[in-house]
There are 2 protein chains.
Amino acid sequence: MEQPGEIKKVSMAVIKRLPKYYKYLGELMRKNVERVSSQELSKILGFTASQIRQDLNNFGEFGQQGYGYNVSQLYTEIAKILGITTNHKMVVIGAGNLGQALANYTGFSIHGFDIIGIFDKNPNLVGRKINDIPIYPVEDMEYFINKNNVDIAVLTVPRDETESIVNRLTNTAIRGIWNFTPVEINIEDRDIVVENVHLIDSLLTLSYRINESWLQERLLKQKRKDKPFGHGKNTTYMVK
Amino acid sequence: MEQPGEIKKVSMAVIKRLPKYYKYLGELMRKNVERVSSQELSKILGFTASQIRQDLNNFGEFGQQGYGYNVSQLYTEIAKILGITTNHKMVVIGAGNLGQALANYTGFSIHGFDIIGIFDKNPNLVGRKINDIPIYPVEDMEYFINKNNVDIAVLTVPRDETESIVNRLTNTAIRGIWNFTPVEINIEDRDIVVENVHLIDSLLTLSYRINESWLQERLLKQKRKDKPFGHGKNTTYMVK
DNA sequence: ATATTTATGTTAAATTAATCACAAACGGGG
DNA sequence: CCCCGTTTGTGATTAATTTAACATAAATAT
């Protein structure tokens with residue numbers, strides 16, 4: 001039952017679909033499509049129409065019976081939901097390969113995400129610019145973040161340096177960490193959000209799926225085989 | 001009910017957890033830990049012990065009552081499941097910022113993923129090397145993939161070139177596409193697996209979560225407000 | 001104006017995933 | 001050798017998510 005001040009929790013599954021809606025609605029807008037139904041969205045996005053309607057209804061009633069959704073209105077609403085109606089300031093921490101690549105990428109600013117500084121401990125890099133963004137010494141990180149109201153820290157440091165950088169970030173006004181390190185970050189009871197991009201996990205998942213058909217055969221065979229048991233002195237071989 | 005030749009389908013949720021198990025077991029091995037219980041794994045990984053046991057039981061009985069799991073044995077089993085007991089050959093397609101960063105990254109080879117070639121349409125890049133990996137003209141892509149038994153194509157081309165490259169890839173012996181483009185790839189009825197790394201989606205999800213508390217307030221307010229309806233001639237303003 | 005069609009918002013049902021709970025099996029200690 | 005504590009594998013339960021169904025409202029056609 002819903003209480004007066006109750007906060008309705010939106011599931012992560014729904015949240016992960018929002019960017020897809022947003023991106024596709026952007027495409028439709030560029031094509032000057034004025035209206036769209038959940039069924040039409042369904043065809044392209046691969047979700048059921050029912051799911052799309054239910055997803056959107058977590059946030060409001062944006063559609064209309066007999067009409068569907070107004071593309072640009074829904075686009076704007078989702079932009080609000082995603083919090084991208086105002087710009088976000090980001091800093092990249094770690095000017096290695098990936099950090100530089102992200103700094104060079106121009107696709108973020110279209111959505112209002114601006115990288116305004118890069119931090120590195122390497123004195124040879126400090127003072128240079130990447131894509132017109134200056135590289136600063138990592139010592140100045142906290143001061144810079146607070147001074148410039150930076151929202152998001154893009155973390156591309158080596159694994160061993162992650163923990164110490166994260167600790168330092170918890171003492172800043174940063175709101176979110178976009179984590180490209182392989183380290184699992186957990187920040188206790190502070191309102192900093194962490195979003196992980198674990199590339200290795202993604203690659204291993206791909207490998208699993210490539211391997212899947214072979215694996216299924218192996219599993220079936222294994223089921224018919226006896227299985228050795230035991231680690232210690234009482235170890236026996238038994239048949240299931 | 002299970003049929004003789006039935007293929008047991010493992011859910012994506014389980015698959016996505018496998019790399020976490022794998023990585024943490026690797027850490028334990030390096031620390032020379034010999035055995036581990038589902039409860040101990042639970043504490044670090046943040047999944048319940050029960051879930052861990054059930055996840056692993058999708059693939060076999062790797063543990064033992066009263067003992068737990070043998071770390072190195074379980075590590076090996078998960079490596080088999082993930083299909084990383086043999087090496088994988090990869091090519092990077094698109095030698096832009098991201099493509100170059102991935103080519104420079106050394107972390108893949110530890111898990112048996114070797115980038116053996118980079119392809120680009122830019123003649124100024126062709127012939128150069130990145131991290132000792134040669135850049136070839138994109139025209140040679142298909143031939144190279146088939147000749148060298150390349151398993152995985154890492155796709156880092158601009159959005160407009162994605163479709164044509166994917167079409168060309170479907171005519172090769174490639175097994176998987178690791179897609180870094182923002183394009184949603186769908187390949188019909190061929191056994192090529194696509195794993196997406198949609199960075200923008202990830203960033204937008206982060207933005208949502210940063211924005212979440214503000215959003216909840218807005219949703220509560222909105223509930224108490226009347227809502228204008230209508231798009232056409234019968235449009236009325238109504239109170240819910 | 002009216003009827004017909006379309007397509008939403010929403011409740012209910014079905015499916016899928018996570019957690020609980022416990023019998024059975026093994027290791028370790030005396 | 002036997003008992004006690006531990007911990008798995010697994011069936012049962014609960015929770016979460018997805019899909020289906022439909023009453024209702026608006027648009028469109030006549």
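Remember, predicted model here, so these are calculated numbers, not experimental data. Here is the naming used below: chain letters follow the sequence lines, and residue numbers restart at 1 for every chain. Computed from heavy atoms alone, side chains included, the values below leave out hydrogens, waters and symmetry copies.
One finds no side-chain N or O of Tyr69(B) lying less than 4.0 angstrom from the OP1 or OP2 phosphate oxygen of dT6(D). In this model, the phosphate group of dT17(D) is not approached by any side-chain N or O of Arg17(A) to a distance below 4.0 Å at OP1 or OP2. Side-chain nitrogen and oxygen atoms of Thr48(A) include none within less than 4.0 Å of the OP1 or OP2 phosphate oxygen of dT18(D).
Going from atom CD of Glu61(A) over to atom P of dT24(D) covers 15 Å, rounded to whole Å. Protein atom NZ of Lys43(B) is 10 Å distant from nucleotide atom P of dT7(D), rounded to whole Å. Atoms CD (Gln64(A)) and C1' (dA27(D)) sit 8 Å apart, rounded to a whole Å. Computed from coordinates, the Asn58(B) CG to dA17(C) P distance equals 10 Å when rounded to whole Å.
Relative to the side chain of Gln65(A), the nucleotides dT24(D), dA17(C), dT18(D) differ in distance, and dT24(D) lies closest.
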Sequence neighbours left out, cut at 3.5 Å: what donor-acceptor pairs do the side chains of residues 28-39 of chain B make with other protein atoms?
from	atom 1	to	atom 2	distance (Å)
Arg35(B)	NE	Tyr67(B)	O	3.3
Arg35(B)	NH2	Tyr67(B)	O	3.2
Ser37(B)	OG	Gln39(B)	N	3.4
Ser37(B)	OG	Glu40(B)	N	3.2
Ser37(B)	OG	Glu40(B)	OE1	3.2
Ser38(B)	OG	Arg53(B)	NH1	3.1

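Judged purely by atom type and a 3.5 angstrom limit, Ser207(B) has no side-chain atom pairing as donor or acceptor with the backbone of Leu203(B). Using a distance-only test at 3.5 Å, with no hydrogens or angles considered, a donor-acceptor pair links the side chain of Asn211(B) to the main chain of Ile81(A). In terms of modelled atom types and a separation under 3.5 Å, the side chain of Arg209(A) and the main chain of Val194(B) share a donor-acceptor contact.
The pair Glu195(A)-Lys16(A) counts as a salt bridge, with a side-chain nitrogen and a carboxylate oxygen less than 4.0 angstrom apart.
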Item checked: Step-by-step side-chain contact (heavy atoms from CB on, under 4.5 Å) determination, Leu98(B) to Leu98(A) -> CA-CA 7 Å; Leu98(B) 191 53; Leu98(A) 191 53; 4.1 Å; yes

Next item on the list: Take Phe113(A) and Trp178(A) through the ring pair (Phe, Tyr, Trp, His ring centres under 6.0 Å) test and state the conclusion after the steps.
Entry: CA-CA 12 Å; Phe113(A) 296 89; Trp178(A) 201 17; 8.0 Å; no

Checklist line | side-chain contact (heavy atoms from CB on, under 4.5 Å) assessment of Ile152(B) paired with Leu206(A) | finding: CA-CA 9 Å; Ile152(B) 295 169; Leu206(A) 176 61; 3.8 Å; yes

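Of the residues in residues 24-41 of chain B, those lying under 4.0 Å from DNA chain D by heavy-atom distance are Ser37(B), Ser38(B). Contacts of residues 49-57 of chain A with DNA chain D (heavy atom under 4.0 Å): Ser50(A), Gln51(A), Arg53(A), Gln54(A).
Ring geometry, Tyr22(A) versus Tyr75(A): the interplanar angle falls under 30°, so the pair is classed parallel (tilted spans 30 to 60°).
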